[in-house]
Amino acid sequence: MAGYLARRLAYTILMVFIVTTITFFLSRVIPGNPARKAAGPHATVEQIIAIEKEMGLDLPLHIQYFRYFNQLLHGDLGTSLETHRPVLVDIKEYFTATMELATVSMIITVIFGIPLGVISAIKQNSLVDHITRLVSLAGVSIPVFLLALLFQMAVIKNPDIPIAGRVSTIISITNPLKPITGLYLVDSFLTFNWPFFKSALVHIALPAITLACPTLVIIVRMMRANMIEILQLDYIRAARARGIPERRVVYKHAIRNSLLSTITVIGLTYGYTLGGTFLIDALFAWPGLGRYAVNAAQEANYPAIMGVTLLIALVYNIVNFIVDVSYGFLDPRIRLDR
Amino acid sequence: MITSDLKEIPVSEIAIPVQKNALRLLVRRFIKNPLSASGFLLVLILVLIALTAKYWVPYPEDILTARRMDENLQPPSEKYWMGTDSLGRDIFSRVMVGTGLSLQVGVTVVLLAAILGTFIGGIAGYYGGWIDQVTMRITDGFLAFPSLVLALGVAAALGPSLMNALLSITIAWWPWYARLVRAQALSVSNQEFIEAARALGSSKFRILLKHILPNVMVPVIVQASLDFGYVVLTATSLSFLGLGAQRPFPEWGLMVSEGRTVFPASWWVSIFPGLAIFITVVAFNLIGDGIREMLDPRLRNRI
């Protein structure tokens with residue numbers, strides 16, 4: 001196990017290194033002249049040269065690269081051209097908003113996706129199965145923004161379900177939140193601030209459900225396929241032949257093994273979820289990283305965009321590392337392999 | 001015995017009919033599958049619309065900038081089948097003409113990504129050793145980004161335009177092909193006919209181009225057909241976020257985003273282009289599923 005852990009960790013670190021190298025090249029090589037963009041359209045040549053010096057853009061590329069890495073290791077994602085504050089300080093609140101949304105959506109995905117996949121597999125070719133398959137075909141094909149708009153149309157007449165923001169403004173004044181983690185649901189729960197908790201919950205509901213739909217479908221498909229394959233294996237037939245009740249065969253023998261390969265997909269779908277938050281931010285006025293990044297993109301604020309891109313890639317890699325490690329814990333074959 | 005009959009015939013002549021039969025069998029399987037058949041029909045209709053829309057849409061002048069402010073935000077009616085947008089443009093005409101744009105985007109990105117990925121994966125798989133190691137780790141590095149986030153980052157760095165959106169999606173997509181081709185090239189390059197070519201004195205590059213690449217094309221084409229829907233989805237997402245096609249292009253993602261300011265009172269402005277994206281992606285995913293089932297009969301009982 002230690003060897004497996006070490007290998008996975010080494011791989012994750014290598015990936016983070018390559019990811020940072022890619023963002024470095026994207027931020028320095030592609031945009032033409034960042035200094036000119038930073039200086040604005042009316043800057044003189046002298047001003048641009050001064051800014052180039054200030055940003056270190058006049059140095060050779062490899063020195064810039066080392067400086068970039070050095071900054072990153074000190075937790076510096078760069079300085080926003082817009083606010084002139086460190087990007088990391090800028091995005092702190094946006095980051096927690098995105099993490100809260102992604103986590104809630106992932107929970108919905110897993111809680112509903114796995115049972116639906118199992119039911120669809122056991123009742124293969126039944127009405128439930130056909131409906132699940134049809135809905136999941138629609139689910140992988142529907143653009144998140146269309147889904148969001150349809151949901152919004154459905155609830156527009158119901159004032160109890162808000163379609164924008166993270167918490168009601170009134171509640172945030174009458175029952176202010178004491179920030180601990182920055183996650184509204186967690187903080188309000190820990191401080192027993194129930195009105196705030198309730199408001200945060202109804203605000204996150206629709207965005208999280210919308211975001212969960214595409215990944216939910218992937219998990220259902222995956223779980224269904226795994227279950228069907230495993231239910232045809234010899235050891236299941238053997239279990240049935242021994243007279244073990246079908247219910248027990250499914251729960252004790254089939255689901256466990258189908259879950260294993262589904263877990264690896266959860267790491268992958270987290271990438272969709274993180275990408276999807278960018279769209280959700282725009283659709284539900286959710287104050288997340290996507291909103292920050294899209295604003296930054298429209299202002300040609302490169303350090304900010306690259307900071308967000310890098311941060312999300314980091315989160316994605318950490319999540320995949322955790323998924324792989326837990327997979328190793330659950331499946332002894334993986335640990336021993338190589 | 002069959003083998004004795006075959007001895008008289010040159011190998012090249014028996015090989016072809018066998019292949020043809022196999023292909024015919026696969027095509028039949030593809031057409032008989034109701035899912036893939038309906039997907040194929042839908043795609044055919046979409047291509048037809050894409051090619052001819054600008055000749056028969058009711059308001060061709062509305063595709064770009066025409067405005068009739070006195071008739072803006074009309075709900076769907078007999079005159080305007082999908083209503084009008086805030087500039088009074090006929091949404092039906094714009095959605096129909098937008099089909100071509102979306103299909104072009106899909107074709108371009110899939111083609112570029114497949115070519116780039118095949119080239120890089122082929123080199124890695126055939127040369128092996130440190131070239132393989134370095135190339136594949138860099139490839140993995142690109143896959144270590146969530147694809148939409150990477151595409152967005154690149155699109156933002158390049159500046160918002162449809163062309164840059166295409167490039168950025170390609171950058172997020174080629175690694176999948178590189179991986180696929182590398183695995184294929186690895187298994188092909190260990191086969192005897194490659195050894196024979198080497199013994200005959202073919203250069204490495206010639207072997208790569210003449211012998212290995214043709215043998216990895218089938219999985220690449222299959223993968224491309226599976227990817228098409230996702231590429232269209234990603235491209236429209238970028239446009240929706242303002243990082244793809246710019247006004248006044250009738251790009252579906254952009255049209256959805258333009259309708260957001262008048263949503264939900266004038267829902268038709270956003271919903272119809274959104275549905276067009278949905279139908280297109282469904283059509284290609286049906287075909288993709290059909291191809292997957294066609295090639296792997298074990299999958300036939302699955303989704």
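For the numbers below, each heavy atom of this structure counts, side chains included, while hydrogens, waters and symmetry mates do not.
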- Note on the structure: Of the listed A/Thr20, A/Leu149, A/Ile18, A/Ile305, the one with the largest count of heavy-atom pairs under 4.5 Å with chain B is A/Leu149
- Heavy atoms of B/Gly141 and A/Met15 approach each other most closely as N-SD, 3.7 Å
- Separation of A/Tyr316 OH from B/Ser147 OG (nearest 0.5 Å): 8.0 Å
- Note on the structure: Okay, B/Pro264 and chain A: the region with an atom under 4.5 Å from a heavy atom over there is side chain
- Query: Is it the side chain or the backbone of B/Leu241 that comes within 4.5 Å of chain A heavy atoms, both, or neither?
  - Reply: both
- Got more than 12 heavy atoms from elsewhere within 6.0 Å of CH2, B/Trp267? yes
- Message: Please classify the contact between A/Leu314 and chain B as side chain, backbone, both or neither, with a heavy-atom cut-off of under 4.5 Å.
- Response: neither
- Query: To the nearest 0.5 Å, what is the distance between OG (B/Ser270) and CG (A/Leu150)?
  - Reply: 10.5 Å
- Is it the side chain or the backbone of A/Ala138 that comes within 4.5 Å of chain B heavy atoms, both, or neither? both
- Message: Please classify the contact between A/Phe278 and chain B as side chain, backbone, both or neither, with a heavy-atom cut-off of under 4.5 Å.
- Response: both
- Query: Is there side-chain contact between A/Thr309 and B/Leu152, with heavy atoms separated by less than 4.5 Å?
  - Reply: no
- Atom CZ of B/Phe40 with >12 non-hydrogen neighbours under 6.0 angstrom: no
- B/Val149 versus chain A, the contacting section by heavy-atom distance below 4.5 Å: both
- Message: Need one label for A/Val19: side chain, backbone, both or neither, based on atoms under 4.5 Å from any heavy atom in chain B.
- Response: both
- Query: To the nearest 0.5 Å, how far apart are OG in A/Ser141 and CG in B/Leu286?
  - Reply: 7.0 Å
- Note on the structure: Cut-off 4.5 Å, heavy atoms of chain A, and the answer for B/Tyr230 is side chain
- Message: Counting heavy-atom pairs closer than 4.5 Å to chain B, which one of A/Val140, A/Ile156, A/Leu14 comes out on top?
- Response: A/Val140
- Query: By a 4.5 Å heavy-atom criterion (distance strictly below it), what part of A/Ile142 contacts chain B: side chain, backbone, both, or neither?
  - Reply: both
- If only atom types and distance count, is the side chain of B/Arg260 paired as donor or acceptor with the main-chain N or O of A/Ala282 below 3.5 Å? yes
- Note on the structure: Only residue of A/Thr23, A/Asn317, A/Ile312 satisfying side-chain contact (heavy atoms from CB on, under 4.5 Å) with B/Phe145 is A/Thr23
- Message: Need one label for B/Leu275: side chain, backbone, both or neither, based on atoms under 4.5 Å from any heavy atom in chain A.
- Response: both
- Message: Are more than 12 heavy atoms, taken from residues, nucleotides or ligands other than A/Tyr65, located less than 6.0 Å from that residue's OH atom?
- Response: yes
- Among B/Val232, B/Thr280, B/Thr236, residue most engaged with chain A (heavy-atom pairs, under 4.5 Å): B/Thr236
- Counting only heavy atoms not in A/Tyr11, do more than 12 sit closer than 6.0 Å to its OH atom? yes
- Nearest atoms (heavy-atom pairs only) where B/Ala156 meets A/Ala297: CB-CB, 3.5 Å
- Heavy-atom proximity to chain B below 4.5 Å, by part of A/Phe17: neither
- Message: If you count heavy atoms of other groups shown closer than 6.0 angstrom to CZ of B/Arg137, is the number above 12?
- Response: yes
- Heavy-atom closest contact (B/Pro146 atom, A/Ala313 atom, distance): CD-CA, 4.3 Å
- Note on the structure: Rounded to the nearest 0.5 angstrom, the OG-CG distance for B/Ser257 and A/Leu279 is 11.0 Å
- Query: Once you round to the nearest 0.5 Å, how far does CD1 of A/Ile22 lie from CG of B/Leu150?
  - Reply: 7.0 Å
